[in-house]
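Below you'll find the structure, written out as structure tokens, and then a few comments.
Reckoned from all heavy atoms, side chains included, excluding hydrogens, waters and symmetry mates.
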Amino acid sequence: TNTLNKMFSVNSDGSNLVQLTPETLGVNDSDGSFSPNGTKIAFERGYSVWVCDADGSNQVLIADSSSGEYRNPNWSPDGSKIVCVFNYNELTVMNPDGSGISRQAVSTAVNSFYGPKMSPDGSMISFAASTAAPGRPWFGIVEVATNKVFWRFGKGFTNIGWINQL
């Protein structure tokens with residue numbers, strides 16, 4: 001493939017566009033997620049998960065695609081974990097250095113999970129899901145401690161999140 005996807009940062013007014021990842025033919029850098037304190041970015045590169053400093057330096061591979069495909073990395077609200085999609089139909093939680101990998105919400109009934117997000121207290125993960133059959137679940141919440149999945153039905157969910165409680 002001849003695609004080039006790189007990550008950039010930019011100020012909210014559109015100024016100061018800065019390229020964070022290098023141009024590498026056939027390598028896609030996507031789904032960047034800033035750590036809660038803003039010092040790190042978790043991102044997907046070639047179905048692997050990488051972490052770098054907020055300025056793009058110190059890029060470190062933390063989950064290699066040799067064991068399967070990783071997508072959509074997101075930080076936990078306290079910055080102690082990264083949650084991502086693994087092999088399209090599993091959710092994975094890991095430490096920011098790639099250690100402590102645990103599988104969550106494994107399902108053969110879905111084609112793909114999307115956009116996993118941890119709840120503010122880290123006890124649950126929300127995610128969207130797509131299926132081949134109409135009427136199947138399109139949104140779920142997994143309880144991290146028990147790995148129990150609560151399904152909700154609907155259509156068109158793509159970016160599910162949490163509202164922080166004051």
So how far is it from [X] [atom1] to [Y] [atom2], rounded to the nearest 0.5 Å?
| X | Y | atom1 | atom2 | answer |
| --- | --- | --- | --- | --- |
| Ser48 | Ile62 | OG | CD1 | 10.0 Å |
| Glu90 | Ser102 | CD | OG | 11.0 Å |
| Phe8 | Leu17 | CZ | CG | 5.5 Å |
| Met94 | Ile82 | CE | CD1 | 7.0 Å |
| Asn72 | Tyr88 | CG | OH | 10.0 Å |

Using the side chain to side chain donor-acceptor pair (under 3.5 Å) criterion, which residues pair with [X]? Sequence neighbours excluded.
| X | result |
| --- | --- |
| Gln19 | none |
| Ser67 | none |
| Thr146 | Glu143 |
| Asp55 | Ser57 |

Minimum side-chain heavy-atom gap [X]-[Y] below 4.5 Å:
| X | Y | result |
| --- | --- | --- |
| Ile125 | Val93 | yes |
| Ile141 | Val149 | no |
| Pro116 | Val83 | yes |
| Glu69 | Phe86 | no |
| Cys52 | Phe43 | yes |
| Ser126 | Met118 | no |
| Ile101 | Asn95 | no |
| Gln104 | Val144 | yes |

How far apart are the closest heavy atoms of Pro96 and Gly79, and which atoms are they? CG-O, 3.6 Å

Which pair of heavy atoms, one from Ser76 and one from Pro36, lies closest together, and at what distance?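 Heavy atoms of Ser76 and Pro36 come nearest at O-CG, 3.2 Å.
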
Polar contact flag, side-chain donor to acceptor under 3.5 angstrom, Tyr70-Glu44: no

Side chains of Asn37 and Ser35: donor-acceptor distance under 3.5 Å anywhere? yes

[X] (side chain) donor-acceptor with [Y] (main chain) under 3.5 angstrom:
| X | Y | result |
| --- | --- | --- |
| Thr92 | Arg103 | no |
| Trp75 | Lys81 | no |
| Asn87 | Asn89 | no |
| Ser119 | Met124 | yes |

Give a yes or no on whether Phe34 and Val18 share a hydrophobic cluster (residues Ile, Leu, Val, Met, Phe, Trp, Tyr; joining criterion: side-chain heavy atoms under 4.5 Å apart). yes

Which residues pass the salt bridge (Lys or Arg N to Asp or Glu O under 4.0 Å) test with Lys40, sequence neighbours left out? Asp53

Mind checking salt bridge (Lys or Arg N to Asp or Glu O under 4.0 Å) for Arg71 and listing every partner two or more places apart, or none if nothing turns up? none

Assess whether side chain to side chain contact (heavy atoms under 4.5 Å, CB included) is satisfied between Val49 and Cys84, documenting all intermediate values. CA-CA 9 Å; Val49 177; Cys84 58; 4.2 Å; yes

Arg45/Asp29 salt bridge by N-O under 4.0 Å criterion: yes

Side chain to side chain donor-acceptor pair (under 3.5 Å) between Asn28 and Ser30, worked out: CA-CA 6 Å; Asn28 296 316; Ser30 62; over 6 Å; no

